[in-house]
Amino acid sequence: MNKFEQLGLNESLLLAIKDLGFENPSEVQEKAIPVLLEQNTDLVALAQTGTGKTAAFGFPLIQKINVEDRSTQALILSPTRELCLQITNEIKLYSKYIKGLNTVAVYGGASITDQARDIRRGAQVIVATPGRMQDMINRGLVNIKNISICILDEADEMLNMGFYDDIVSILSDTPDDKNTWLFSATMPAEVARIAKKFMKDPAEVTVGHKNSGSKTVSHEFYLVNARDRYEALKRLADSNPDIFSVVFCRTKRDTQSVAEKLIEDGYSAAALHGDLSQAQRDGVMKSFRGRQIQMLVATDVAARGIDVENITHVVNYQLPDEIETYNHRSGRTGRAGKTGTSIVIITKSELRKISSIERIIQQKFQEKTIPSGIEICEIQLLHLANKIKDTEIDHEIDNYLPAINEVLDGLTKEELIKKMVSVEFNRFIAYYKKNRDLSGSNSGERSERSTSPREFKSGDDVRYFINIGSRDDFDWMQLKDFIKETLDLGRDDVFKVDVKEGFSFFNTDGEHMTKVMETLNGFDMNGRRINVEISKNEGGGGSRNSPRRDHNGRGGRSDRGSGGGGGFRGRSDSGSRDSSGGGRNFTKRDSSAPASERKRTSSSDEAPRRERKSSDGESKGFFEKAKRSRRSE
Ligand code: ADP
Ligand code: MG
């Protein structure tokens, strides 16, 4: 007997649960379901986003519906259209083996008469936004006078969004003897007020600490100057090539303009906010779920409660006005046991908000610096190398091998590798070479200090690259400990540790440089040879210099056309993603370079026209065809 069976759920539900692949109930499900099945009671359940609240009310709700009766028996109120649709969809999945159970979603922006017609056909369950529900009641299109269950989902959010009056009015249109089940992540005063006003001796279920954020999410902030916000966002994206994120802005206008800039700069981004038509919003969400969009730029309202799996980063492009909202944002990532990162891009004047948020989430932020151009280049370079390694060969290429061999004849393997990597890499380095480092508080001071990159003195920060990372089971604390212990350094001698998948960065004071290089380089870690390189001199404008690179600046760029697929921001499995159809309006998947760079170079002496001509004119055959067909999607 599995744990769902012990909760008292019937056979049809258990079958559907099996199909869903849920093995065990989540905590809120385990606590709420038996209570709701056994008693006719009101309930207040407090649980974070991503804890499975939909099923916690959905399963008992379905079991309590009388399918022989086609009248409306239950009403679920939820804050947004997207959530309404999500809940409706879930309820349909849960009730797939129950014939005759009809659920209708009711929300603004779609035809009210269509929705009314669907209800008249016999909907036992209505899932509605408060605004549209109120509208339907006013027009006499719906009858909720006999419902036995009313569910308030994401109650705190509904009230945050100003639905108090609507909710009060809707509830007073329902019978007194119904049961009200209230689900919320937090319990602000307004929610307590609703509970007090409309509920009788509610059973209480609380999961985890009140208000504490999901432990699977780590929180970081980046201090920048206000004018660098957008540039910082781009760098964060560039330094996380596989980013799949929601970027939150405060207003519809900012949301739209950030998304537009990103698209223009060649990122696969889209905006989601209330000014879009319904069809547009559906299109965006479909593309995002299908991962044709890597960065969804959204307002709080539009993105509330959205459940998309495997979001790697939540980016607070601007902090929300209400600090409480931060929780809802960061809850978009770290779901279903996965880990995620919530990033705040912040200016000095807002800095004090960080500690308020820390109090609410009961977790500490880690302060990070926006990666320098060189760091990004390094990350991208390794990402590219890994991508080359992991790319499956399409044997259609074989036909062209003789011709290709002829062209490349005489190059050594080493030269060939360097050139291949340079095809992509030169562009990146060219862009970032021209761009200063971003740092919030003291960029002026930093750029004035100019030690030559090779001379490190005591008092200089030295940044290192090391070829071990999260793949080797290190997080930043473990790596810091490992380095400290291996080198016998003190508590604060290793800092700014930044762990990526296959590699990491860290800093020490210049006085430890020799020790770091000599001891760590070649160090054998369980058969793995450690390699450390100096990444850049924190004190000395590393982005203007690339001491370790022998880039052949002029030659590489005209090769750009053949680079294909925007490898640098690398959609990891580009094949499958690129071939799917959705979202073509919003994505720009075949940008062969970060257009940030394209744009900039276009104003420089190297005219982009020339490149295009050279690639269009010269390259024929498979590569070019593949590129065209993708572009014409
Ligand atoms: P909440 O409403 O609390 O934010 P959801 O109900 O949206 O959370 O659930 C979050 C995710 O967890 C959904 O993808 C859902 O399918 C999944 N989920 C819910 N319950 C379980 C379970 N018992 N086992 C596995 N996954 C579950
Ligand atoms: Mg929910």
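Indexing begins at 1, ligand by ligand and atom by atom, following the structure's order. Index from 1, following the sequence.
Ligand 1 has at least one atom lying under 4.0 Å from a heavy atom of N24. Heavy-atom distances between S26 and ligand 1 reach below 4.0 Å in at least one pair. At least one heavy atom of Q48 sits closer than 4.0 Å to an atom of ligand 1.
On a distance-only criterion, F22 and ligand 1 share no N/O pair closer than 3.5 Å. Between T51 and ligand 1, a contact under 3.5 Å exists for at least one N or O pair.
Across K3, E309, K53, heavy-atom proximity to atom 3 (O) of ligand 1 is greatest for K53.
A salt bridge does not link D176 to K200: none of the charged side-chain nitrogens sits closer than 4.0 Å to a carboxylate oxygen.
Applying the 4.0 Å criterion to heavy atoms of F4 picks out, from ligand 1, the atoms 23 (N). Shown in contact with T54 at under 4.0 Å from a heavy atom are these atoms of ligand 1, numbered in order with element: 2 (O), 5 (P), 6 (O), 7 (O).
Relative to the six-membered ring of Y107, R132 misses at least one condition, a distance below 6.0 Å or an angle of at most 45° to the axis.
Shown here are the side chain to side chain contact (heavy atoms under 4.5 Å, CB included) partners of K252, two or more places apart in sequence or in another chain: H273, D275, T299. Contacts of K261 classified as side chain to side chain contact (heavy atoms under 4.5 Å, CB included), with partners at least two apart in sequence or in another chain: Y230.
Within 6.0 Å of atom CZ in R253, 12 or fewer heavy atoms from other residues, nucleotides or ligands are found, so the atom counts as exposed in its surroundings.
Using cut-offs of 30° and 60° for the angle between ring planes, the Y326 and F365 rings count as tilted.
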